[in-house]
Asker: 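Have a look at this one before I ask anything.
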Amino acid sequence: MLFSIIIPVYNRPKEVEELLESLSAQTCKNFEVVLVEDGSTVKCDGVAAAYKDKIEVNYFFKPNSGRSLTRNYGMEHAKGDYFVFFDSDCIIPPCYFETLSRELDAHYTDCYGGPDKAHESFTVLQKAISHSMTSFLTTGGIRGRKKGLEKFTPRTFNMGFSREVYDKVGGFKDMFGEDIDLSLRIREAGFRTELFTDLYVYHKRRVSLKSFHRQVNTFGRARIDLYRQHGDSMKVVHTLPALFVIGVCALVLLSLVCWWSIVPLLLLLLLFFAEALVVNRSFKIAALSVVTDFIQLWGYGTGFIAAFFSKVILGKETDEAELNKRYKKK
């Protein structure tokens with residue numbers, strides 16, 4: 001089986017270099033890399049050319065249109081039997097494609113997804129953000145590391161599906177939550193989706209608290225767009241960050257009258273610290289995870305509430321300016 005790795009990129013030559021370096025170290029190289037530059041002003045064509053002697057890299061440049069249409073462009077130019085998607089800020093373990101080939105040979109599936117984790121070279125902040133994005137306390141385990149509160153849905157930082165799926169279901173929509181939308185459409189079309197827990201990637205994610213908040217806030221808004229298109233996709237776990245926001249606001253207001261009303265919030269923050277300490281065995285990561293856990297829940301929750309009010313209660317459509325600001329060039 002030939003895999004086509006589809007990678008959209010926008011102004012990230014350094015990250016692309018790290019990604020291609022990790023792909024060149026694969027123990028099984030039955031793949032091509034389809035690298036699609038989405039109108040970048042800082043191109044990575046030189047980086048792609050430097051790795052052509054090590055792996056098959058096919059580089060394309062196109063005007064900026066957003067990551068969904070860029071991934072679709074990549075699939076249109078791919079030669080493989082099976083499409084694999086990574087974000088440009090991922091590092092791939094050496095045995096990834098050897099493991100993937102073995103999994104698909106043993107029990108073939110039309111679509112798969114895998115988890116992500118922090119690489120030892122990541123900064124303390126990157127490790128804390130990685131923890132917050134995968135912790136059961138903040139995401140309910142829905143991102144693939146283990147059994148969660150809802151059925152696992154593959155996401156494009158670590159996802160793959162067959163050409164047959166693409167031919168029948170089509171590509172990504174230009175919307176918030178485009179990977180979850182496609183995963184749901186794949187499932188609705190009758191194809192089988194599997195979680196491969198051992199098929200992980202190292203995902204760098206955002207490199208500042210501000211950009212991390214912006215990202216998770218967009219995720220919260222995306223959940224409402226997904227709900228409007230897939231009514232049965234909304235689960236209790238998706239509402240928990242919004243309840244967290246409401247609860248925090250209520251406790252803070254009550255503490256103005258009774259100071260001890262803030263104690264439940266302090267206990268929750270202590271739980272964040274303890275859980276991160278057990279998982280990461282680092283006081284620095286655990287301490288910073290208290291902040292990133294709070295940002296994860298607050299950012300997602302406020303995005304969810306804002307989008308629910310504007311799009312469900314008021315019936316507004318997604319604003320094009322908002323889409324351009326939050327989505328097109330990410």
Side-chain angles (χ1 to χ4, degrees), residues 1-12 15-16 19-20 23 31-41 43-45 48 56-90 92 100 109-114 153-191 193 201 203 215 218-219 221-222 225-226 228-230 233 317-318 320 322-330:
M1 181 182 294
L2 175 66
F3 298 101
S4 290
I5 306 172
I6 316 295
I7 304 170
V9 59
Y10 180 78
N11 287 349
R12 292 189 174 187
E15 291 180 352
V16 169
L19 174 56
L20 293 182
L23 290 174
F31 59 79
E32 64 162 345
V33 179
V34 182
L35 188 63
V36 187
E37 192 102 59
D38 186 29
S40 299
T41 56
K43 299 181 181 179
C44 63
D45 50 344
E56 182 180 352
V57 182
N58 298 308
Y59 173 85
F60 299 91
F61 183 90
K62 54 176 280 299
N64 180 261
S65 63
R67 60 194 175 199
S68 291
L69 300 183
T70 301
R71 290 190 180 105
N72 293 344
Y73 182 97
M75 287 188 285
E76 292 170 1
H77 292 80
K79 300 179 294 187
D81 312 297
Y82 212 99
F83 302 147
V84 176
F85 299 89
F86 300 132
D87 285 348
S88 61
D89 57 354
C90 288
I92 316 303
L100 176 57
T109 186
D110 306 296
C111 174
Y112 79 89
T153 305
R155 291 165 170 81
T156 45
F157 64 82
N158 185 9
M159 174 184 182
F161 52 81
S162 67
R163 181 177 288 274
E164 180 185 359
V165 167
Y166 173 61
D167 290 339
K168 182 173 181 179
V169 180
F172 296 92
K173 293 181 180 179
D174 191 16
M175 61 176 289
F176 294 143
E178 75 285 354
D179 47 0
I180 300 177
D181 167 76
L182 181 55
S183 294
L184 293 173
R185 287 190 284 125
I186 290 172
R187 194 180 301 163
E188 291 164 0
F191 291 103
T193 299
V201 301
H203 198 182
Q215 181 187 42
T218 299
F219 288 166
R221 291 173 179 270
D225 289 338
L226 291 166
R228 297 174 75 192
Q229 297 205 25
H230 307 273
S233 67
E317 296 298 325
T318 300
E320 186 64 25
E322 175 191 19
L323 191 66
N324 286 330
K325 179 180 179 181
R326 291 179 171 269
Y327 175 77
K328 289 282 186 180
K329 293 186 176 182
K330 298 218 181 286

Asker: Output yes when a side-chain donor or acceptor of Asp38 lies under 3.5 Å from a complementary backbone atom of Tyr10, and no otherwise.
Answerer: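 Absent.
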Asker: Looking only at non-hydrogen atoms, find the nearest pair between Gly170 and Leu182 and report the distance.
Answerer: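 Looking at all heavy atoms of both residues, the closest pair is O-CD1, 3.8 Å.
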Asker: Please lay out, stage by stage, how Ser68 and Lys173 fare under the test side chain to side chain donor-acceptor pair (under 3.5 Å).
Answerer: CA-CA 6 Å; Ser68 291; Lys173 293 181 180 179; over 6 Å; no
Asker: For the pair Glu15 (side chain) and Cys90 (backbone), establish whether a donor and an acceptor sit closer than 3.5 Å, ignoring hydrogens and angles.
Answerer: no
Asker: Go through the steps for Asp181 and Met175 under the test side chain to side chain contact (heavy atoms under 4.5 Å, CB included), then give the verdict.
Answerer: CA-CA 9 Å; Asp181 167 76; Met175 61 176 289; 3.7 Å; yes
Asker: List the atom of Ser65, the atom of Lys62, and the distance in Å for their closest heavy-atom pair.
Answerer: OG-NZ, 2.6 Å
Asker: Between Ile5 and Ile7, is there a side-chain heavy-atom distance shorter than 4.5 Å?
Answerer: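 Yes, side chains in contact.
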Asker: Where the side chain of Thr153 meets the backbone of Ile180, is there a donor-acceptor pair that is under 3.5 Å apart?
Answerer: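 Absent.
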Asker: Is any side-chain heavy atom of Cys44 less than 4.5 Å from a side-chain heavy atom of Glu37?
Answerer: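 Cys44 vs Glu37: side chains touch.
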Asker: Should the pair Asp225-Arg221 be classified as a salt bridge under the 4.0 Å nitrogen-to-oxygen rule?
Answerer: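 Result for this pair is no, no salt bridge flagged.
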Asker: Can you list the residues that meet the salt bridge (Lys or Arg N to Asp or Glu O under 4.0 Å) rule with Asp110, with sequence neighbours excluded?
Answerer: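 None.
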Asker: Do the side chain of Ser183 and the main chain of Pro154 share a donor and acceptor less than 3.5 angstrom apart?
Answerer: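 Looks like yes, one N/O pair under 3.5 Å.
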Asker: Report yes if some heavy atom in the side chain of Phe176 is under 4.5 Å from a heavy atom in the side chain of Thr218; otherwise report no.
Answerer: yes
Asker: Is a donor on one side and an acceptor on the other found under 3.5 Å between the side chain of Thr109 and the backbone of Tyr112?
Answerer: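 No.
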Asker: Going by atom types only, do Asn11 and Thr41 share a side-chain donor-acceptor pair under 3.5 Å?
Answerer: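 The criterion, which ignores hydrogens and geometry beyond distance, is satisfied for Thr41 and Asn11.
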Asker: Could you tell me whether the side chain of Val84 reaches within less than 4.5 Å of the side chain of Ile6, counting heavy atoms only?
Answerer: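 Ile6 vs Val84: side chains apart.
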Asker: Measure the CG-CG distance between Leu23 and Leu35 for me, rounded to the nearest 0.5 Å.
Answerer: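 The CG atom of Leu35 is 10.0 Å from CG of Leu23, to the nearest 0.5 Å.
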Asker: Are there over 12 heavy-atom neighbours, none belonging to Gln229, within less than 6.0 Å of that residue's CD?
Answerer: yes
Asker: So which heavy atom on Val36 is nearest to which on Thr70, and how close?
Answerer: CG1-CG2, 3.4 Å
Asker: Going through the checks in order, is the side chain to side chain contact (heavy atoms under 4.5 Å, CB included) test met by Ser4 and Tyr82?
Answerer: CA-CA 6 Å; Ser4 290; Tyr82 212 99; over 6 Å; no
Asker: Starting from the C-alpha separation in whole Å, work towards a yes-or-no answer on side chain to side chain contact (heavy atoms under 4.5 Å, CB included) for Asp167 and Val165.
Answerer: CA-CA 5 Å; Asp167 290 339; Val165 167; over 6 Å; no
Asker: With rounding to the nearest 0.5 Å, note down the distance linking CZ in Phe83 to CZ in Phe3.
Answerer: 12.0 Å
Asker: Has Asn158 got a side-chain atom pairing as donor or acceptor with Phe85's backbone, closer than 3.5 angstrom?
Answerer: no
Asker: Hey, are the side chains of Glu76 and Tyr166 touching, using non-hydrogen atoms and a 4.5 Å cut-off?
Answerer: yes
Asker: Is a donor from one side chain sitting under 3.5 angstrom from an acceptor on the other, for Asn58 and His77?
Answerer: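 Per modelled atom types, Asn58 and His77 side chains form no pair under 3.5 Å.
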Asker: Is there a side chain to side chain contact (heavy atoms under 4.5 Å, CB included) between Phe86 and Thr156 once you walk through the steps?
Answerer: CA-CA 6 Å; Phe86 300 132; Thr156 45; over 6 Å; no
Asker: Going by side chain to side chain contact (heavy atoms under 4.5 Å, CB included), name the residues that satisfy it together with Asn72, two or more places apart in sequence or in a different chain.
Answerer: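 Side chain to side chain contact (heavy atoms under 4.5 Å, CB included) check on Asn72 returns Leu69, Met75, Phe172.
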Asker: Going from OG on Ser233 to CD on Glu188, what distance comes out if it is rounded to the nearest 0.5 angstrom?
Answerer: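 Between atom OG of Ser233 and atom CD of Glu188 there are 8.5 Å.
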Asker: How many angstroms lie between CD in Glu164 and SG in Cys111, if you round to the nearest 0.5 Å?
Answerer: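 Spacing of CD (Glu164) from SG (Cys111) equals 12.5 Å.
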Asker: Given 3.5 Å as the limit, does a donor-acceptor pair link the side chain of Arg163 with the main chain of Ala78, or not?
Answerer: yes
Asker: Shortest non-hydrogen contact from Met159 to Asp179?
Answerer: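 Heavy atoms of Met159 and Asp179 come nearest at CE-O, 4.5 Å.
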Asker: Out of Arg71, Arg67, Arg155, Arg12, which one pairs with Asp87 under the salt bridge (charged side-chain N to carboxylate O under 4.0 Å, His left out) rule?
Answerer: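 The option that passes is Arg71.
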